[in-house]
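All figures in this text were calculated on a predicted structure; none of them were measured in a lab.
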Amino acid sequence: MPILKSLFIFLLILSASIQAQSFVSATLVGQGSEQDFDYNPRNGQEGWALLNYVINDKGSVEDIIVVDSSGDDIITAAAFRRVNAFQYKPATRDGTNVASHTELFFRLLESRGGKDRTAVSRDYKIKYDKILTLVNAKNFEQASQEIEALDMRGSRNLFEHARTAWLKSMYYFHTQQFNLYTREMRVVTLLKDYLATKTVSAGMSSLFESYIFYNELGKALTLVATMSEFEGVEVSQDVQNELLTRIALKSAGKKIITIKAEILDGGVYHHVISMAQQINIQTVRGELNSYDLRCQNFRKVGDDVNKLLLLFADAYGPTCDLFIMAKLGASFELFYTI
């Protein structure tokens with residue numbers, strides 16, 4: 001059945017109940033508000049970047065983290081330059097300027113030279129159809145090889161980026177690689193304007209259910225707002241009830257939740273924390289370098305990640321973003337109590 005509007009309203013009320021009433025978010029006042037902008041690439045490719053950054057009490061941007069990107073260093077550098085030029089009216093609490101943080105998704109568009117950037121190329125479609133056939137036939141070994149070849153080729157525009165993310169998400173779903181699946185499906189939701197509505201609706205429903213059953217509650221709550229504005233998204237009543245049950249656990253008593261995490265690429269692990277009382281890290285394999293916890297009303301950074309123990313208060317805000325910087329391939333278990 002369609003996702004219940006009452007669920008969305010309930011979550012809004014929940015967030016409002018734990019948000020400091022005197023907090024006013026920062027607002028962009030300088031260098032424009034466009035998240036889409038032209039740049040001058042050497043290879044004629046388009047791309048995207050998802051950035052999280054701190055806005056200090058003077059309204060300037062600092063401590064930019066690349067949460068995810070299409071992987072091109074030129075594109076990522078262009079996004080960095082754009083964000084660094086932003087000037088904000090800083091957030092306030094009780095009328096006093098305070099630091100805050102935000103996340104923005106940038107689409108970098110190449111529209112020069114009169115080229116048609118609104119369709120996938122013929123050679124890309126051939127490769128896409130071949131991989132899709134292999135995945136549906138459960139020939140995952142050959143599908144993996146073809147996906148690797150597609151990555152080497154690169155995606156020329158955002159339409160190809162979106163389709164590649166969808167293709168990878170299906171492959172990772174069938175091969176039960178949850179971390180990689182949710183990463184690619186999140187890209188699908190970010191690039192939803194470049195895919196068919198039916199495809200995005202199915203993807204959002206699947207991602208939401210995966211977040212719930214793999215205990216990524218913070219990301220599930222964040223996704224609800226997008227889902228409520230998108231036509232055709234369906235979530236079973238059982239899944240909705242499961243989310244409400246887990247929210248109720250916060251007031252009913254403690255429950256330990258375990259998440260297995262791995263540094264896949266970019267050297268950054270991102271976790272959205274909601275309703276937690278405390279978090280700690282165990283079973284570390286590889287090298288974890290540092291962490292950065294960003295909440296609405298609180299921030300903490302450090303390099304003692306292997307002994308990380310964080311205690312939370314409702315006054316921190318409805319959700320917090322936890323970033324763990326580490327070497328590629330490092331893994332760990334994240335334990336938190338709600």
Side-chain angles (χ1 to χ4, degrees), residues 1-9 11 35-36 46-48 50 68 70 105-107 109 116-140 143-144 146-147 150-151 153 155-214 216 219-243:
M1 64 180 297
I3 185 168
L4 298 178
K5 294 294 182 182
S6 58
L7 174 62
F8 179 52
I9 294 171
L11 295 175
Q35 294 180 36
D36 302 342
E46 297 180 342
W48 55 271
L50 181 65
D68 205 349
S70 52
F105 176 63
F106 290 87
R107 295 177 291 192
L109 312 175
D116 179 12
R117 314 298 293 171
T118 61
V120 300
S121 62
R122 183 174 181 275
D123 73 298
Y124 177 88
K125 188 177 187 308
I126 292 173
K127 294 179 184 297
Y128 177 93
D129 289 342
K130 181 179 181 180
I131 296 172
L132 186 61
T133 300
L134 291 170
V135 171
N136 289 334
K138 294 182 169 37
N139 187 345
F140 299 128
S144 177
E146 294 295 334
I147 288 173
L150 188 64
D151 279 340
R153 170 197 179 273
S155 298
R156 309 282 168 77
N157 59 34
L158 294 179
F159 287 87
E160 291 186 3
H161 278 294
R163 282 159 176 76
T164 297
W166 171 249
L167 195 61
K168 287 182 176 180
S169 72
M170 288 190 292
Y171 168 77
Y172 292 134
F173 178 82
H174 286 293
T175 55
Q176 299 182 345
Q177 300 181 66
F178 171 72
N179 288 331
L180 290 168
Y181 162 73
T182 54
R183 187 265 179 181
E184 297 300 334
M185 190 54 70
R186 188 183 189 193
V187 176
V188 168
T189 63
L190 292 171
L191 294 174
K192 60 184 180 296
D193 295 340
Y194 300 89
L195 291 165
T197 300
K198 184 177 180 180
T199 297
V200 178
S201 298
M204 283 189 180
S205 301
S206 176
L207 181 59
F208 181 76
E209 294 184 3
S210 296
Y211 280 157
I212 295 301
F213 289 108
Y214 285 92
E216 294 274 10
K219 291 181 180 179
L221 294 173
T222 301
L223 184 61
V224 165
T226 303
M227 294 169 64
S228 68
E229 299 170 358
F230 206 83
E231 295 297 329
V233 178
E234 296 185 354
V235 175
S236 70
Q237 187 65 55
D238 287 344
V239 173
Q240 296 181 51
N241 291 340
E242 179 69 16
L243 175 59

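Looking only at distances, a side-chain donor or acceptor of Thr182 sits under 3.5 Å from a matching main-chain atom of Phe178. Side-chain atoms of Arg163 come within 3.5 Å of backbone atoms of Phe159 as a donor-acceptor pair (strictly under, hydrogens ignored). One N or O on the side chain of Thr189 and one on the backbone of Arg186 form a donor-acceptor pair closer than 3.5 Å. A donor-acceptor distance shorter than 3.5 angstrom exists from the side chain of Tyr124 to the backbone of Thr164, with no hydrogens or angles considered.
Met204 places a side-chain heavy atom less than 4.5 Å from the side chain of Val200.
Across all non-hydrogen atoms, the minimal contact from Tyr181 to Ser169 is CD1-O, 3.2 Å. Nearest heavy atoms, Ala162 versus Val188: O-CG2, 4.4 Å. The two atoms that bring Leu167 and Leu150 nearest to each other are CD2-CD2, 4.2 Å, heavy atoms only. Considering every non-hydrogen atom in both Gly47 and Leu158, the closest pair reads O-CD2, 3.5 Å.
Asp123 has no carboxylate O lying under 4.0 Å from a charged side-chain N of Lys127, or vice versa, which leaves the two without a salt bridge.
Residues forming a side chain to side chain contact (heavy atoms under 4.5 Å, CB included) with Leu180 (at least two apart in sequence, or on another chain): Tyr172, Gln177, Leu264. With sequence neighbours excluded, the residues forming a side chain to side chain contact (heavy atoms under 4.5 Å, CB included) with Thr199 are Trp166, Ala196, listed by chain and number. The side chain to side chain contact (heavy atoms under 4.5 Å, CB included) check on Ser70 picks up Trp48, Ile75, His161, with sequence neighbours excluded.
How far CE of Met170 is from CE of Met185: 8.0 Å, rounded to the nearest 0.5 Å. In this structure, CG on Leu191 lies 12.5 Å from CD on Glu160, to the nearest 0.5 angstrom. Between the NZ atom in Lys168 and the CD1 atom in Ile147 there is a gap of 7.5 Å [rounded to 0.5 Å]. Atoms CG and CG, on Asp129 and Leu134 in that order, are 11.0 Å from each other to the nearest 0.5 Å. Of the inter-residue distances, the one linking Leu190 atom CG with Phe105 atom CZ reads 4.5 Å to the nearest 0.5 angstrom. One distance of note links CD of Glu184 with CZ of Phe173; it measures 15.0 Å at 0.5 Å rounding.
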For this session: Let me see the working for Tyr194 and Arg107 under side chain to side chain contact (heavy atoms under 4.5 Å, CB included), right down to the final yes or no.
Result: CA-CA 12 Å; Tyr194 300 89; Arg107 295 177 291 192; 3.6 Å; yes
